[in-house]
Amino acid sequence: MSGLLNGQNVVVMGIANERSIGWGIAKSLHAQGARLIFTYRKERSYEKLAKLLAESGIEPLLTVQCDVSDDASIEAAFGRIGAEAGVVHGVVHSLAFADKDELGGEYVDTSREGYLLAQESSAFSLVAVAKAAKPLMTEGGSIVTQTYLGAERVMRNYNVMGVAKAALEASVRYLAEDLGKYGIRVNAVSAGPIRTLAAKGVSGFNDILNTVEEKAPLRRNVDQSEVGDATMFLISGLSRGITGEVLHVDAGFHIIA
Ligand code: NDP
């Protein structure tokens, strides 16, 4: 099979089920010939992923457990990836976590624990993953994370996660500067709302989908395949001049006042 990513080893982190944005990304990367390495946290996610891979005929190079809130787990996962894959060309960070109780009501009521948990899981995790992947990215490459408009604007109920995404987007810029000299690019995709397991935690999610359908220039929502293709572009050499960028894949919703 010939493709944009032939011979490239790409790590995909954060697939919980067939609705996950990470799964849309994996399919886009696979279609371009990437050799895929998967990480998961919960056993349940591993079982779902294994089933999805079998059903779609995708043969992973490796599947390994990685809890991004645990340094030892990150070290062990990337140690195994290094031992079995050698070089890594791309990393897709498609994960976030916040306590459901913090994703509704007022931001002013955010607890210290809830704030720290969201920041650690959703923003610092990119920094830790970039650090662990860097020694394996000896041929240069690309790191892509997933963010949301709630980083830039106040979106009702997104609260603590909006602040975590703001830190994530700032981290993309600082990491882009640090890793650019090694030929490693760092970018984010800012996806429109998509019904996934994580999205279920945000109060009033249906209203958000309806607003986008009504107001976005394309008058519709986006899906996992569109986010997948844009992420694939940022992983591939087609985007070789782009780093530190946040690319909106949201049917244009972010340009509307
Ligand atoms: P999913 O629930 O499908 O995926 C979230 C993933 O995060 C799961 O695979 C989960 O693994 C993983 N995860 C959470 N905490 C940890 C951890 N400590 N260590 C390792 N993995 C962890 O939701 P999405 O696909 O929607 O989310 C993917 C990314 O896209 C997130 O960053 C999200 O914020 C972002 N995004 C989502 C949008 C949407 O509307 N859905 C819009 C814009 C951005 P496990 O279940 O095994 O714990």
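Residues Arg220 and Glu226 are paired through a salt bridge, judged by an N-O separation under 4.0 Å between the basic side chain and the carboxylate. The residues Lys51 and Glu55 are annotated as salt-bridged, a charged nitrogen and a carboxylate oxygen being separated by less than 4.0 angstrom.
Applying the side chain to side chain contact (heavy atoms under 4.5 Å, CB included) rule to Lys134 yields the partners Leu179, Tyr182, Ile184; only residues at least two apart in sequence or on another chain are considered. Applying the side-chain hydrogen bond (donor to acceptor under 3.5 Å, both in side chains) rule to Gln146 yields the partners Thr231; only residues at least two apart in sequence or on another chain are considered. Under the rule for a side-chain hydrogen bond (donor to acceptor under 3.5 Å, both in side chains), the partners of Thr147 that lie at least two apart in sequence or sit in another chain are Glu169. Shown here are the side chain to side chain contact (heavy atoms under 4.5 Å, CB included) partners of Glu84, two or more places apart in sequence or in another chain: Leu62, Arg80. Under the rule for a side chain to side chain contact (heavy atoms under 4.5 Å, CB included), the partners of Asp67 that lie at least two apart in sequence or sit in another chain are Arg41, Ser69, Asp70, Ser73. Take Thr39 and apply the side-chain hydrogen bond (donor to acceptor under 3.5 Å, both in side chains) test, not counting sequence neighbours, and it matches no residue. In terms of the salt bridge (Lys or Arg N to Asp or Glu O under 4.0 Å) criterion, Glu106 has no residue partners (sequence neighbours excluded). The salt bridge (Lys or Arg N to Asp or Glu O under 4.0 Å) search around Lys131 returns none, not counting sequence neighbours. Ser225 meets the side chain to side chain contact (heavy atoms under 4.5 Å, CB included) test with Asp223; sequence neighbours excluded.
In summary, the side chains of Glu152 and His254 do not present any donor paired with an acceptor at a separation below 3.5 Å, with no hydrogens or angles considered. Side-chain polar atoms of Ser236 and Gln32 form no donor-acceptor pair below 3.5 angstrom.
Across all their heavy atoms, Ala133 and Val91 have their closest contact at CB-CG2, 3.8 Å. Between Glu214 and Arg219 the shortest heavy-atom distance is O-CD, 3.5 Å. Here the shortest heavy-atom pairing between Gly105 and Asn157 reads N-OD1, 3.5 Å.
For residues 187-202, the side chain to side chain donor-acceptor pair (under 3.5 Å) pairs, not counting sequence neighbours, are Arg195-Asn206. For the ring pair (Phe, Tyr, Trp, His ring centres under 6.0 Å) condition, the pairs that include at least one residue of residues 105-155, sequence neighbours left out, are Tyr148-Tyr158.
A donor-acceptor distance shorter than 3.5 angstrom exists from the side chain of Ser111 to the backbone of Gly114, with no hydrogens or angles considered. Without hydrogens or angle criteria, Asn221 side chain to Leu209 main chain gives a donor-acceptor distance under 3.5 Å. Put simply, the side chain of Arg185 gets close to the backbone of Ser239: a donor and an acceptor are under 3.5 Å apart.
Expressed to the nearest 0.5 Å, how far CZ of Phe233 lies from CG of Leu238 amounts to 6.5 Å.
Side-chain atoms of Pro193 and Val212, non-hydrogen and from C-beta on, do get closer than 4.5 Å to each other. A 4.5 Å side-chain heavy-atom check between Val64 and Phe38 finds every atom pair outside the cut-off. For the pair Ser122 and Leu168, the minimum side-chain heavy-atom distance is 4.5 Å or more. Counting heavy atoms from C-beta on, the side chains of Ser125 and His93 come closer than 4.5 Å. No side-chain heavy atom of Met137 sits less than 4.5 Å from a side-chain heavy atom of Val87. Annotation: side chain of Met13 is in contact with side chain of Val68 (closest heavy-atom distance under 4.5 Å). Two residues are said to be in side-chain contact when any heavy atoms from C-beta on lie closer than 4.5 Å; Leu5 and Leu29 meet this criterion. Looking only at side-chain heavy atoms (C-beta outward), Ile81 and Leu136 come within less than 4.5 Å of each other.
With a 4.5 Å cut-off between side-chain heavy atoms of Ile, Leu, Val, Met, Phe, Trp and Tyr, the cluster of Leu218 takes in none.
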